[in-house]
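Not measured: the values here are computed from a predicted model. In this chain, numbering begins with 1 at the start of the sequence shown.
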Amino acid sequence: MLAAVPVRVAAKCSCRFRRWLSATAILLFVVSPGTAFADCGPMSQGDSGSRPRVGLALSGGGARGAAHIGVIRVLLEEGVAIDCIAGTSMGAIVGGLYASGMTLEEIEQALNDIDWDDVFVDSTNRADKTFRRKRDDDDFLIRKRVGFSGGKIKLPLGVVQGQKIDLAITKLTLPVALVDDFDELPIPYRAVATYIATGEQIVLGSGDLATAILASFSIPAAMVPVLIDGRMLVDGGIAANLPISVVREMGAEIVIAVDISTPLKSQDEIGSVLSIAEQLSGLLTRRNTEAEISTLTESDILISPKLGDISAGDFDRINEAIPIGRAAALENLDRLRKISLSSPGDQEILVAKMKPGTSQPLIEFIRWNNQSRLSNEFIVSRVDEFELGQPLDTEKLESGIARIYGTEVFQKVSFIFFPNLFPRIPNNLI
């Protein structure tokens, strides 16, 4: 049975971390303050006092969102300073990673390195499973299990829990894990999600960056909603697929909007259940996208890459989408050059400030708080021993998490940096 009680993995110091887990044990790392990540305060991109503030709005669209990389590359080459970014779904991933200080080359490599077929499957590697779960795989054709909590059977809220994509994004955002206010990222940033109970647009500008990105990317029914501040959040495309108004609220005087959403199909193109489902999804996002586009002024720039038959699920075609995004941006070169930085030196400073520090924290001690039906000894046995006084080994932590998840008792197991940890942790630490 799947446990339904939350569990956290957390760490503390000037470099603290936390990650909400759908389990019942708390693993607490306390790390020394002297190993904090480099300070990632707000970045001044050129002389913002002598030029209009430029905001970048990146739409959702699944794999088509790789085109955002090509667009941003042209902006960088032409010296267009980006003062703030708002993204939805795949736009939240690319925009969030770029705002965190990753280079475009690193983002491109990260998107290519992710096994997209695998991250949308919750199955654990056989080596990380217990003997009993291995036998279950041998004996049963259907491996999905229902949960049980409060005397009631619990069905999953999505086809996948998001275990693997969550860990992947968390690892990519570790260098800025201490940043709780997204205005303090190298570039101020917002992720847009949807409150599933009302359809309301939720703008995420603080908290854990990886969690905010995952909430914006959480496809309804396909992925389990992300719980933030007591609200179940799903893909932001339902409410605002192209967050132009969000960028405007961040103070942008000029908006560069990149629309990579999938165009609606004609009647002749609708010939199967799958195409109807895709059209329904398009209807949800296209209307709010067009409403946002209608707010653009003459000084704003709309970039719409011609992505043709590249679909939202074609993650094996990421490398095709990137140059298409670049080509679309180049079509707007004259207008982009009007808002570029006056001095090439300013652009060099901009790039230099984009990279936050990446030093790992030192572990001072570890504690467990276990409220599950599993023994402390069993859970601890699934994680390799961490040496006190040594830097946190994220690879070792991920391996331990995979083995805990392999028990198939927990819905989700992950980790997150936890600012101001000690006032929030339970008193019954072991």
Side-chain angles (χ1 to χ4, degrees), residues 45 48 51-62 64-76 78 80-100 104 107 182-183 185-194 201-205 209 212-213 215-217 235-263 284-305 307 312 321 324-326 328-329 331-332 335-336 338-340:
Q45 301 190 17
S48 60
R51 62 173 179 80
R53 184 174 173 84
V54 178
L56 184 62
L58 304 178
S59 83
R64 294 164 63 92
H68 291 316
I69 296 174
V71 172
I72 298 174
R73 182 163 288 140
V74 173
L75 302 184
L76 194 60
E78 296 300 322
V80 176
I82 303 171
D83 296 289
C84 54
I85 300 175
T88 297
S89 198
M90 195 63 175
I93 293 179
V94 175
L97 295 180
Y98 188 67
S100 77
L104 294 175
I107 297 172
F182 298 167
D183 282 341
L185 291 169
I187 300 177
Y189 169 77
R190 300 290 185 272
V192 178
T194 302
Q201 167 187 291
I202 304 297
V203 179
L204 302 170
L209 179 60
I213 290 173
S216 183
F217 187 72
D235 195 304
I238 297 172
N241 198 49
L242 183 58
I244 293 170
S245 59
V246 176
V247 173
R248 198 91 69 189
E249 290 169 4
M250 295 176 75
E253 298 167 89
I254 295 177
V255 175
I256 301 174
V258 187
D259 178 19
I260 50 86
S261 55
T262 304
L284 284 173
T285 59
R286 194 66 227 165
R287 289 179 181 176
N288 65 59
T289 297
E290 291 175 355
E292 288 284 295
I293 290 175
S294 69
T295 67
L296 293 174
T297 67
E298 292 183 358
S299 61
D300 300 322
I301 301 171
L302 175 63
I303 300 175
S304 301
L307 292 159
I324 295 175
R326 175 181 173 80
E331 291 177 1
N332 294 270
R335 300 190 66 194
L336 291 174
K338 291 179 181 179
I339 59 173
S340 64

Quiz item: What residues, two or more places apart in sequence or in another chain, satisfy salt bridge (charged side-chain N to carboxylate O under 4.0 Å, His left out) together with R326?
Solution: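 R326: salt bridge (charged side-chain N to carboxylate O under 4.0 Å, His left out) contacts with E77.
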Self-check item: Contacts of type salt bridge (charged side-chain N to carboxylate O under 4.0 Å, His left out), residue E249, not counting sequence neighbours
Solution: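 E249: no salt bridge (charged side-chain N to carboxylate O under 4.0 Å, His left out) contacts found.
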Does [X] use its side chain to pair, donor to acceptor, with the backbone of [Y] at less than 3.5 Å?
| X | Y | result |
| --- | --- | --- |
| D83 | G55 | no |
| H68 | S59 | yes |
| S216 | V192 | yes |
| N288 | G237 | yes |
| Y189 | G87 | no |

Output the distance between atom [atom1] ([X]) and atom [atom2] ([Y]), rounded to the nearest 0.5 Å.
| X | Y | atom1 | atom2 | result |
| --- | --- | --- | --- | --- |
| L296 | I244 | CG | CD1 | 4.0 Å |
| I293 | D259 | CD1 | CG | 4.5 Å |
| I254 | E298 | CD1 | CD | 12.5 Å |
| L75 | I301 | CG | CD1 | 8.5 Å |

Quick check: closest heavy atoms across [X] and [Y], and the distance to 0.1 Å?
| X | Y | answer |
| --- | --- | --- |
| S304 | L302 | OG-CG, 3.9 Å |
| S299 | R335 | C-NH2, 3.8 Å |
| G236 | T88 | C-CG2, 3.4 Å |
| A329 | V71 | CB-CA, 4.0 Å |
| I213 | G96 | CD1-CA, 4.1 Å |
| L307 | A67 | CD2-CB, 4.1 Å |

Could you list the residues that satisfy side chain to side chain donor-acceptor pair (under 3.5 Å) with [X], not counting sequence neighbours?
| X | value |
| --- | --- |
| S245 | E292 |
| R190 | D183 |
| S89 | D235 |
| D300 | R248, T297 |

Non-hydrogen side-chain atoms of [X] and [Y] separated by less than 4.5 Å:
| X | Y | value |
| --- | --- | --- |
| V246 | Q201 | yes |
| L336 | I256 | yes |
| S100 | L209 | yes |
| L76 | Y98 | yes |
| I72 | V94 | yes |

Quiz item: When you look at I187 and L56, which way does the side-chain contact (heavy atoms from CB on, under 4.5 Å) test go after all the steps?
Solution: CA-CA 11 Å; I187 300 177; L56 184 62; over 6 Å; no
Quiz item: Is the count of non-hydrogen atoms from other residues, nucleotides or ligands lying under 6.0 Å from R287 atom CZ greater than 12?
Solution: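 Counting other residues, nucleotides and ligands, CZ of R287 stays at 12 neighbours or fewer.
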Self-check item: Candidate pair L185 and I85, rule side-chain contact (heavy atoms from CB on, under 4.5 Å), full reasoning
Solution: CA-CA 11 Å; L185 291 169; I85 300 175; over 6 Å; no
